[in-house]
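Here is the structure we will look at.
These numbers come from a predicted model, not from an experiment. The first residue in the sequence is number 1, and the count goes up from there.
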Amino acid sequence: MKPILIGLIGALFFAVTFIVNALMETQGGHWIWSASLRYLFMIPFLMLIVMLMGNLRTLFQEMKKHKISWLVWSFVGFGLFYAPLCYAAAYSPGWLIAGTWQFTIIAGTLLAPLFFIKVHTPDQTFIYRQGIPIKGLLFSTIILAGIALIQLDHLSKVPTSVLLLGLVPVLIAAFAYPLGNRKMMEVCEGKLDAYQRVLGMTIASLPLWLALSVYGFSTVGLPSGSQVYQSLIVAISSGVIATVLFFMATDMVRNNMAKLAAVEATQSMEVIFALIGELFLLGIAFPSPIALTGLTLVMLGMAIHSFASHNEQKTEKEKSVMHMNA
């Protein structure tokens with residue numbers, strides 16, 4: 001249950017992204033600066049943390065061994081994750097984006113066959129392909145059903161063109177984030193901690209953020225002072241605290257797809273936190289009875305998902321033994 005708790009705390013800090021990005025859009029901030037400034041601000045904070053822990057040299061040594069992998073999967077896990085989310089903020093409110101983002105629960109589960117598990121014995125190492133955890137997929141569907149109810153009233157008022165501009169980028173991000181995160185876990189093989197991995201992926205994705213900054217400067221000019229300040233808040237809260245917490249939680253269960261899916265499912269709570277934040281900070285309308293029913297389903301699905309994944313750990317170990325004896 002510890003990884004689940006860490007994931008929930010991370011979701012709380014992640015929700016800041018959706019709230020503050022929505023606020024920046026209402027104040028005329030451009031999505032390019034919302035995306036690039038977050039990661040540019042993250043580097044000095046993470047660099048200081050890793051340096052104080054004495055792990056900076058180890059990180060650079062590991063990055064040097066797999067340069068291409070770091071560049072590719074950091075671009076996927078950070079670039080194709082956050083830039084589309086910021087773009088979508090121009091067309092959808094924060095809580096709606098947070099709700100659509102929960103498709104990453106299903107996406108993370110469906111990505112399972114792309115990864116393998118290594119089982120070591122005294123004589124040899126067995127490798128077998130991960131399977132899609134059916135129970136996790138079922139419980140994730142319960143969560144998504146709740147989120148669909150939350151969005152129902154708003155979706156009926158959104159034009160199709162605006163809906164697609166806010167929907168498609170988030171769906172891209174929903175697949176990119178778990179894919180990039182899991183691929184980097186494979187590359188690191190447990191040799192780096194969460195702080196090192198987040199710093200390494202931020203540095204490796206730097207070419208994208210610098211290119212976006214140059215493009216933003218040439219097209220829309222420099223960001224306003226308020227957008228710089230708000231981006232700094234997002235960088236610390238979501239970029240440093242939330243990302244590190246989430247990576248810590250996924251690292252704990254990286255060899256168990258059922259529990260990994262459960263940790264990723266904790267991110268469904270972002271929509272609840274974002275909704276509460278927008279209610280108090282942006283003055284949006286109070287949720288309807290349908291939306292409140294959806295919130296209940298989300299929390300119920302979370303509880304069932306967490307409980308099932310805890311009991312499924314024994315099943316995963318039994319599968320490993322069966323493969324070794326086959």
Measuring only between side-chain heavy atoms, which start at C-beta, is [X] closer than 4.5 Å to [Y]?
{"X": "Lys65", "Y": "Val187", "value": "no"}
{"X": "Leu85", "Y": "Ile97", "value": "yes"}
{"X": "Cys86", "Y": "Asn21", "value": "yes"}
{"X": "Trp31", "Y": "Glu25", "value": "yes"}
{"X": "Val234", "Y": "Gln230", "value": "no"}
{"X": "Met47", "Y": "Ile203", "value": "yes"}

Closest heavy-atom pair and its distance - [X], [Y]:
{"X": "Gly200", "Y": "Ser74", "value": "O-OG, 4.4 Å"}
{"X": "Gln27", "Y": "Ser226", "value": "OE1-OG, 3.8 Å"}
{"X": "Ala83", "Y": "Ala35", "value": "CA-CB, 4.1 Å"}
{"X": "Ile290", "Y": "Leu149", "value": "CG2-O, 3.5 Å"}
{"X": "Thr104", "Y": "Pro178", "value": "OG1-CD, 3.4 Å"}
{"X": "Leu40", "Y": "Ser213", "value": "CD1-OG, 3.7 Å"}

Quick check on the hydrophobic clustering: are [X] and [Y] connected, directly or via other members, by side-chain heavy-atom contacts under 4.5 Å?
{"X": "Val214", "Y": "Tyr82", "answer": "no"}
{"X": "Phe280", "Y": "Met269", "answer": "yes"}
{"X": "Leu144", "Y": "Ile172", "answer": "no"}
{"X": "Ile68", "Y": "Leu179", "answer": "yes"}
{"X": "Val168", "Y": "Leu96", "answer": "no"}

Using distance only, find each side-chain donor-acceptor pair of residues 237-245 under 3.5 Å and give its atom names and separation, not counting sequence neighbours.
unit_1: Ser237; atom_1: OG; unit_2: Phe13; atom_2: O; d: 3.3
unit_1: Ser238; atom_1: OG; unit_2: Phe13; atom_2: O; d: 2.8
unit_1: Ser238; atom_1: OG; unit_2: Thr17; atom_2: N; d: 3.3
unit_1: Ser238; atom_1: OG; unit_2: Thr17; atom_2: OG1; d: 2.6
unit_1: Thr243; atom_1: OG1; unit_2: Ser238; atom_2: O; d: 2.9
unit_1: Thr243; atom_1: OG1; unit_2: Gly239; atom_2: O; d: 3.1

Straight-line distance of [X] [atom1] to [Y] [atom2], nearest 0.5 Å:
{"X": "Met42", "Y": "Leu232", "atom1": "CE", "atom2": "CG", "answer": "12.0 Å"}
{"X": "Asn55", "Y": "Glu62", "atom1": "CG", "atom2": "CD", "answer": "11.5 Å"}
{"X": "Leu212", "Y": "His30", "atom1": "CG", "atom2": "NE2", "answer": "10.0 Å"}
{"X": "Ser36", "Y": "Phe217", "atom1": "OG", "atom2": "CZ", "answer": "13.0 Å"}
{"X": "Leu59", "Y": "Tyr195", "atom1": "CG", "atom2": "OH", "answer": "14.5 Å"}
{"X": "Leu48", "Y": "Leu56", "atom1": "CG", "atom2": "CG", "answer": "10.5 Å"}

Tell me every residue that passes side-chain contact (heavy atoms from CB on, under 4.5 Å) with [X], counting only those two or more places apart in sequence or in another chain.
{"X": "Lys2", "answer": "Ile6, Met252"}
{"X": "Ala107", "answer": "Phe103, Phe175"}
{"X": "Ser231", "answer": "Met24, Leu37, Phe41, Gln227"}

message: Whether the side chain of Lys67 engages the backbone of Lys64 through a donor-acceptor N/O pair (distance < 3.5 Å, no angle test) should be reported.
response: yes
message: Whether the side chain of Glu278 engages the backbone of Gly94 through a donor-acceptor N/O pair (distance < 3.5 Å, no angle test) should be reported.
response: yes
task: Sort and list the pairs that fulfil ring-ring contact (aromatic ring centres under 6.0 Å, His included) and have at least one residue in residues 55-80, not counting sequence neighbours.
output: Tyr39-Phe78
task: Could you walk me through whether Lys183 and Ser69 pass the side-chain contact (heavy atoms from CB on, under 4.5 Å) test, one step at a time?
output: CA-CA 9 Å; Lys183 283 295 185 181; Ser69 294; over 6 Å; no
- line: So side chain to side chain donor-acceptor pair (under 3.5 Å) across residues 196-211, not counting sequence neighbours, yields Asn181-Arg197, Arg197-Asp251, Ser205-Trp209
- prompt: Do the ring planes of Phe81 and Trp101 sit parallel (below 30°), tilted (30 to 60°) or perpendicular (above 60°)?
  reply: tilted
task: Examine Phe14 together with Phe18 and report whether their ring centres are nearer than 6.0 Å.
output: no
